[in-house]
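By convention in this document, chain letters (A, B, ...) are assigned in the order of the sequence lines, proteins followed by strands, and residues within each chain are numbered from 1. The model shown is predicted, which means the values in this text are computed figures rather than measured ones.
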Protein chains: 2
Amino acid sequence: MSSIRERNRALILRAASEEFAAKGFAAAKTQTIAEHAGLPKPNVYYYFKSKENLYREVLASIIEPILAASAPFDPQGEPREVLSQYVRAKVRISRELPHASKVFASEIMHGAPHLAADLVERLDRQARHNIACLQGWIDQGKMAPIDPQHLMFTLWASTQTYADFDWQISTVTGKPKLDEADYEVAVKTILTLVLAGCGLPA
Amino acid sequence: MSSIRERNRALILRAASEEFAAKGFAAAKTQTIAEHAGLPKPNVYYYFKSKENLYREVLASIIEPILAASAPFDPQGEPREVLSQYVRAKVRISRELPHASKVFASEIMHGAPHLAADLVERLDRQARHNIACLQGWIDQGKMAPIDPQHLMFTLWASTQTYADFDWQISTVTGKPKLDEADYEVAVKTILTLVLAGCGLPA
DNA sequence: GTCTATAAGCCGATAGAC
DNA sequence: GTCTATCGGCTTATAGAC
């Protein structure tokens, strides 16, 4: 029911993701978002109350996928499989949710001023869990001793970069958009470094 | 001579780096920059003409250091040494010029709308040169065959992340600021992955 | 629920005194 | 060269008709 409501909210959210990703929160205009959604500006306020609220919803939409990408991190798991699945999942997010990914990155870059405290808490807890898993595997001799915190930073950065710095990637590769095969090479390249660095032979 | 002019320009540039890094171009206020510099707002306009101009100067200030970090890329060089020096130089930039680094990253994230065409050209040329060097070494059998473009993306992302996502890094490590030893671990960790992945044993 | 027309406030930029 | 005081435009947000 209320299909119009759901449809319009979805249209606005999609337009907002693109606009916030392209310009950042402050530079984005609700006017432009409305035009992009094919609706008059007051509808944006009717459905989302304020620009900030709309931004927060875009931000919230990327949190679950990001947390879900860490699902493979299980102390019982095999490092090789866990890292492979994690990198693959994170690159997939950069590919399939590029706008929200970029909004999230921009938010983190500026110190997460709009990110709800409970979301910060969940993200932080997840990061600590992943790092603890890595440390556990190192202690058990299942992988080479490498600093798990800095390993996570590199994993995060190297996968996220396909969304965040897509302009740079397009410029260097000469392709406006990477295709399926390009993303496969990306995953393989990151995994070659990570698995070799962790002493996990193919 | 004109030491006041130089001093005031420097004060404003420093304050602007911090403000632009913290808030982004659009959200940054010239008022706040002026206050941070300990000068009245019109001085900012007197010395820099416009907010955009000031921003461009901050941006330009990081380009030379970034290009200089690629200096080790020489076809005659040893991959192991070149990569080590590059990673070390890029991490040093993230540490020593964190604000300008972040401004640069934010600019790239948004498609480089303010970056002068000649600077874009130089950065692009440098990236292609680095990639060509890597490909040359691979062809000569001096390093393992890995996609050089994607390797550069990971190098860029993993070193840049120490400036761009300092908030995340502080949260996870529990340290407001990393110290000398932390940055050394960062470099070592990135190099462990990169050198192992490139088949370049210690 | 939808949209036109407008209010309210903020911020970049400058005029003009010193 | 420096700064106070102010303008003018732009954008968020809403009132109120439909």
- Query: Between B:Tyr55 and B:His114, is the ring centre distance below 6.0 Å?
  - Reply: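 They qualify: ring centres under 6.0 Å apart.
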[atom1] of [X] versus [atom2] of [N]: gap in Å, rounded?
| X | N | atom1 | atom2 | answer |
| --- | --- | --- | --- | --- |
| A:Lys29 | C:dC11 | NZ | P | 16 Å |
| B:Glu35 | D:dC3 | CD | P | 14 Å |
| A:Glu19 | D:dT11 | CD | C1' | 13 Å |
| A:Lys51 | D:dC10 | NZ | P | 16 Å |
| B:Lys41 | D:dT6 | NZ | C1' | 10 Å |
| B:Arg9 | D:dT2 | CZ | C1' | 17 Å |
| A:Tyr55 | D:dT11 | OH | C1' | 18 Å |
| B:Asn53 | C:dA13 | CG | C1' | 13 Å |

Nearest listed nucleotide, side chain of [X], among [options]:
| X | options | result |
| --- | --- | --- |
| B:Pro42 | C:dT2, D:dT14, C:dT14 | C:dT14 |
| A:Thr30 | D:dG1, D:dT12, C:dG12 | D:dT12 |
| B:Pro40 | D:dT12, C:dC3, D:dT4 | D:dT4 |
| B:Tyr47 | D:dA13, C:dA13, D:dT2 | D:dT2 |
| A:Tyr45 | C:dG12, C:dC3, D:dT12 | D:dT12 |

- Query: Quick one: which of A:Thr189, A:Thr159, A:Leu195 gives a side-chain contact (heavy atoms from CB on, under 4.5 Å) with A:Val87?
  - Reply: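 That would be A:Thr159.
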- Task: Would you please name every residue forming a salt bridge (Lys or Arg N to Asp or Glu O under 4.0 Å) with A:Lys142, sequence neighbours left out?
- Result: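 For A:Lys142, the residues satisfying salt bridge (Lys or Arg N to Asp or Glu O under 4.0 Å) (neighbours in sequence not counted) are A:Glu78.
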Does [N] have OP1 or OP2 sitting under 4.0 Å from an N or O in the side chain of [X]?
| X | N | result |
| --- | --- | --- |
| B:Tyr46 | D:dT2 | no |
| A:Asn43 | C:dG1 | no |
| B:Asn8 | D:dT2 | yes |

- Using the test ring-ring contact (aromatic ring centres under 6.0 Å, His included), find all partners of A:Tyr47 that sit at least two apart in sequence or belong to another chain.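 None.
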- So, the side chain of B:Asp182 versus the backbone of B:Asp179: is there a donor-acceptor pair under 3.5 Å, distance only?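 Yes.
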Just call it for [X]: base, sugar-phosphate, or nothing, with non-hydrogen atoms closer than 4.0 Å on any strand.
| X | answer |
| --- | --- |
| A:Ala34 | nothing |
| B:Ala27 | nothing |
| B:Phe48 | nothing |

- Message: Reading DNA chain C from 5' onward, which residue's closest nucleotide shows up sooner: A:Leu39 or B:Gln31?
- Response: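 The residue whose closest nucleotide sits nearer the 5' end is A:Leu39.
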